[in-house]
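We use all heavy atoms of the structure for the numbers below, so side chains are in, but hydrogens, waters and symmetry mates are not. Below, read A as the first sequence line, B as the second, and so on, with proteins coming before strands; counting in each chain starts at 1. Worth saying up front: this structure is predicted, and the values here are computed from it rather than measured.
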Amino acid sequence: MEKLILIDGNSIIYRAFFAMPPLTNSSGLHTNAVYGFTNMLLRLIQEQQPTHILVAFDAGKETFRHEGYQDYKGGREKTPSELSEQFPLMRELLESFGIAWFELPGYEADDIIGTISKQGEESGREVLVVTGDKDMLQVVSDKVTVALTRKGISEVEPFGPNEIEEKYGLRPLQIIDLKGLMGDASDNIPGVPGIGEKTALKLLHQFGSVEEVLSHTDELKGKMKENLVNHAEDARMSKRLATIFREVPVERSWDDMTFNGLQEETAVPTLRKLEFKSLLERLSFTGTGEAGGSAAPAEPAPELDVTIVDSAAMPALTELLPEIGSLYVEAAGENPHHAELMGMVLSTPDRHFYISPQFLKSGEAESVVAWLGNEKISKRGYDLHRIDLALHWEGISFAGAYFDIQLAAYLLDPTENDQTLSALTAKYGISRLVSDDEVYGKGAKFKVPDDATLSSHLARKSDSIMKIVPLQQAELEKNEMKSLFYELEMPLSRILADMEKQGIAVNREDLTELGKEFESQISRLVLQIYEIAGVEFNLNSPKQLGEILFDKLGLPVIKKTKTGYSTDAEVLEKLAPYNEIVQYILEYRQLAKLQSTYVEGLLKEIRSETGKVHTYFRQTVAATGRLSSQFPNLQNIPIRMEEGRKIRKVFVPSEEGWLILGADYSQIELRVLAHISGDEGLMEAFQHDMDIHTKTAMDVFGVSADQVDANMRRSAKAVNFGIVYGISDYGLSQNLNITRKEAARFIDQYFDAFQGVRKYMDDIVRDAKRDGYVKTLLERRRYLPEINASNFNLRSFAERTAMNTPIQGTAADIIKLAMVLMDEALHTHGLKSRMLLQVHDELVFEVPPEELEAMTKLVPETMEKALQLSVPLKAEVSSGVNWYEAK
DNA sequence: ACATTCACG
DNA sequence: ACGTACGTGAATGTG
């Protein structure tokens, strides 16, 4: 028996919105109405087992009803933006569920439903209409049932002809007459004054219809009679307005509405994106494609064929090595340079081979070791960069990285912070993994499970990788990111691993010596501070420091934090004139930072075997496409202040007589901006290699080059920074310590001078609002779900991000390209020089003296030709015996 | 686990 | 009126 469910989308989503508490996902997107709707939808599907479903929506503001009555639905509150932003989500979710939806300009959802329910009825099918609107009761018949929401939307009450008779004593069509008499405030249908539900029902029981009532007014008396006579036309019009139009030209065939059960592959990622975790759990897809609403646990995924490799199994594995489709290597620990190898699985589509670390290193697995190190063999895996490093320190080389699903996931959505394999299996609707915590235990309880448990867990992971690869390939293709992935990011991951393995030498003695100097200055400052304060306290505690400064010494409070007084450098600078203690605290802070982070922190990271620090460049964290650096972070070594800059002296070449060479892009972000905005003035400035801040000052202040003083240049520089960051008057005013008005004037003048930039900023924000994401020149994407938020802060933040990301991200693209080219150039020229570090717009090398001349030419040349822009790229190079001298 | 502060581009 | 400049990681204190 076929059964159709027709849902009034607008009615339900409105009710859901007001019935549910506010609910947002982690990125601030409102989801409460969609959640309520989905909840109800799943319940309906489960209880009703429909064969067909259609959700109807209102389209546009004007309907045919307005032609006769302009005030129809007048006086309604505007739909809150927290709700309107959920309509696109709702449609996306329906599509991912495999549920049809329909809207038609000029008609309301009511009319669409009226039409389709009539068609269903005429062809002898059973129809259930779900809505919150009582008007709909007029379509009830033997075949058509209307379910009205009750108490919000958590329950529905079905109405057939009998239920309507019971509740109102009316036939379904008389519901229209009821509305004609009593009206409907929410739709601005007037009805007849003084007649409410009770009176209307009494009249209809007596006369049967609006027309009959009106022609028997002589049998009535008093105020009611007067109103009916005076408002007869209102009654007739109200009846017309309340009549559902059942002849809408719906171009939807019965088959279009077929519902074949939830489409797991598409539904799961959408639910995931909306962060409907409870619904995902409730569904716990069993692979049957049905919404099994019960809390039944997911069926265990089918057992995999796992072989625990020993000497006896080696021949079989060696035989199958050419058919390996994926590998997974488990290495415990945050720092991949110190990760403990736990096990490895190599998989073909139907067999999985678990290799223990002991066996891998035993010498019996030499074919596997050779396979791992063979760069001609393509490997598909998860976080291959990390695997490369972990294996490296076990003396095993890894090459041939072809497809890293973590890296692909990063390109597909760089802001997703859950990049675990579990999250990816969930996103792609692949059978769920047992959680690592369950297998290994958490924190202190961490232990290695038995071989059987471990091997099947890792096999499941490797198997998931094999299934995810083709799905991501399709997505990369769709997003035009294949070249970004295969030609830039994948090659770069190998280059980064090489740089990290190489490491950079640190002179431990000099660093220790520097630490002693800092130490003596620190202890001197601490004594002075305690003396002035009159007590000893923990200087490192902002809370205690705040009590001393503001409570004890009574200094003025400049700024507060969530938890109390702010004592950051900006505040302290302002307090300095009040009390000399403040200056000492500033100096203490500076030195303490250098000591703890850069002296002690760096010393801890020196590997005793190599005398080097081996950072780990993370390629999948920064939302803009930049790299980040960890263990230690070598991208934030001090340079701005001389005391800190000295730290750079301890970074030295690893071989006698070699040199450190650094090359950095000059104004890369503003050059990128000149290119993507096409601003004439900016482009010309770079074509003539002008001092960009001076040029900006000239244009903003309308003066000639020799009239630009230091202060004007400083302001112009701040404006340029602001432009790159996605300017706001407030931000600029903070930076320049001027009023918001003055800052706004600067910005205005800037945009008048650089109108191409103004247009870029307007366009990029508009595009972001339309597309939901922004792109870099190399098609790197960043989604901005908050770009249409009604919350000013969230929206503004997203708008600034829309302006900044293409700039910062394209600059990141460019230096990554340069790294790939540089790596290639070093090989083809047979140079011994080594690339060691990347610091966003700078590359650091160590070079043997005989290559210094060649490298001084090659490096900037390579960086400058990395990408052809409409303005030249410029890289500046310098070298010295340590990083400090390479300035 | 979270907040504050500060180092870099 | 709204109240933040964009992107990171490390050290430290506190709940």
Legend entry - Strand DNA chain C in bracket notation, Watson-Crick/G-U under 3.5 Å with | for pairs to another chain: .....|||||||||.
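For the OP1/OP2 pair of C/dT14 and a distance below 4.0 Å, the side-chain nitrogens and oxygens of A/Lys543 include no atom meeting the criterion. An OP1 or OP2 oxygen of B/dC6 is reached within less than 4.0 angstrom by no side-chain nitrogen or oxygen of A/Thr597. Look at A/Arg640 and you won't find any side-chain N or O under 4.0 angstrom from OP1 or OP2 of B/dA7. For B/dT5, the OP1/OP2 oxygens have no side-chain nitrogen or oxygen of A/Gln590 closer than 4.0 Å. Look at A/Arg800 and you'll find a side-chain N or O under 4.0 angstrom from OP1 or OP2 of C/dC6. For A/Ser566, a side-chain nitrogen or oxygen approaches OP1 or OP2 of B/dT5 to under 4.0 Å. Within the structure, every side-chain polar atom (N or O) of A/Arg626 is placed at least 4.0 Å from both OP1 and OP2 of B/dG9. Not one side-chain nitrogen or oxygen of A/Ser629 sits closer than 4.0 Å to the OP1 or OP2 atom of C/dT8. Between B/dT4 and A/Thr561, a contact under 4.0 Å exists linking OP1 or OP2 to a side-chain N or O. Close to C/dT14, at under 4.0 Å from its OP1 or OP2, lies a side-chain N or O of A/Ser541. The phosphate of C/dT8 has neither OP1 nor OP2 within less than 4.0 Å of any side-chain N or O from A/Asn636. The shortest distance between the side-chain N/O atoms of A/Arg782 and the OP1/OP2 oxygens of C/dG7 is below 4.0 Å. For A/Ser796 and C/dT4, the shortest distance from a side-chain N or O to OP1 or OP2 is not below 4.0 Å. Residue A/Asn538 places at least one side-chain N or O under 4.0 Å from the OP1 or OP2 atom of C/dG13.
Counting any heavy atom pair closer than 4.0 Å across all strands shown, A/Lys562 reaches sugar-phosphate atoms only and no base atom. Using a 4.0 Å heavy-atom criterion, one finds that A/Val724 contacts no nucleic acid atom at all. Residue A/Gly722 is classed as a base contact, given a heavy-atom separation below 4.0 Å to a base. If you check every strand for non-hydrogen atoms under 4.0 Å, A/Ala569 touches sugar and phosphate atoms only. Within the 4.0 angstrom heavy-atom criterion, base atoms lie near A/Ala718. At a threshold of 4.0 angstrom between heavy atoms, the contacts of A/Ala812 with the nucleic acid are absent. Residue-level contact check: A/Asn540 touches the backbone only, with heavy atoms under 4.0 Å from sugar-phosphate atoms and none from bases. No contact: A/Glu842 has no heavy atom under 4.0 Å from any strand. Residue contacts shown for A/Ile639 are limited to sugar-phosphate atoms, with no base heavy atom under 4.0 Å away.
With rounding to whole Å, A/Phe537 atom CZ is found 13 Å from C/dG13 atom P. Straight-line distance from the CZ atom of A/Arg589 to the P atom of C/dG13: 12 Å, rounded to whole Å. Residue A/Tyr565 contributes atom OH, which lies 20 Å from atom P of B/dA3 at whole-angstrom precision. Atom CZ of A/Arg648 and atom P of B/dG9 are 6 Å apart (whole Å). Between the NZ atom of A/Lys559 and the C1' atom of C/dA5 there is a distance of 12 Å, rounded to whole Å. To the nearest angstrom, P of B/dC8 lies 10 Å from CZ of A/Arg645. Rounded to a whole Å, the CD1 atom of A/Ile747 is 12 Å from the C1' atom of C/dT4. In this structure, the CD1 atom of A/Ile815 is 14 Å from the C1' atom of B/dC8, given to the nearest Å.
Taking the six-membered ring wherever Trp is involved, the centroid distance between the rings of A/Tyr530 and A/Phe537 falls below 6.0 Å. Taking the six-membered ring wherever Trp is involved, the centroid distance between the rings of A/Tyr616 and A/His385 falls below 6.0 Å. Taking the centre of each ring, A/Phe701 and A/Phe746 come in below the 6.0 Å mark.
Sequence order on DNA chain C of the closest nucleotides to A/Thr805 and A/Arg795 puts A/Arg795 first from the 5' end.
Within 6.0 Å of CZ on A/Phe721 lie no more than 12 heavy atoms contributed by other residues, nucleotides or ligands. The environment of A/Glu334 atom CD is sparse: at most 12 non-hydrogen atoms of other residues, nucleotides or ligands sit within 6.0 angstrom.
Stacking between A/Tyr730 and C/dT4 is shown: the ring centroid lies under 5.5 Å from the centre of the six-membered base ring, and the planes differ by under 30°. Under the stacking definition used here (centres under 5.5 Å, planes under 30°), the residue A/Phe792 fails to qualify as stacked on the base of C/dC2.
Here C/dG7 is the nucleotide among C/dA11, C/dG7, B/dA7 with the atom lying nearest to any side-chain atom of A/Phe797. Listed nucleotides B/dT5, C/dG7, C/dG9 differ in distance to A/Asp568; the shortest reach to its side chain belongs to B/dT5.
Residues passing the side-chain hydrogen bond (donor to acceptor under 3.5 Å, both in side chains) test with A/Lys874 are A/Asp689, sequence neighbours excluded.
Among the candidates A/Gln521, A/Gln590, A/Glu519, the single residue satisfying the side-chain hydrogen bond (donor to acceptor under 3.5 Å, both in side chains) test with A/Gln595 is A/Glu519. Put simply, the residue from A/Val844, A/Ile815, A/Ile495 that forms a side chain to side chain contact (heavy atoms under 4.5 Å, CB included) with A/Gln838 is A/Ile815.
The base of C/dG3 sits within donor-acceptor range of the side chain of A/Arg740, with an N or O pair under 3.5 Å. On a pure distance criterion of 3.5 Å, a polar donor-acceptor pair joins the side chain of A/Ser728 and the base of C/dT4. For A/Gln808 and C/dC6, a side-chain-to-base donor-acceptor distance below 3.5 Å is present, hydrogens and geometry of angles not being considered.
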Inset, instruction - Before giving the answer on side-chain contact (heavy atoms from CB on, under 4.5 Å), spell out for A/Tyr750 and A/Asn720 the whole-Å C-alpha distance, their side-chain angles and the decisive distance to 0.1 Å. - result: CA-CA 9 Å; A/Tyr750 178 93; A/Asn720 278 328; 3.7 Å; yes
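Using a 3.5 Å distance cut-off with no hydrogens or angles, the side chains of A/Asn579 and A/Tyr584 do not pair a donor with an acceptor.
Here the separation of C/dA5 from B/dC6, taken at their P atoms, is 14 Å to the nearest Å.
A distance of 10.5 Å separates CG of A/Asp729 from NZ of A/Lys741, quoted to the nearest 0.5 Å.
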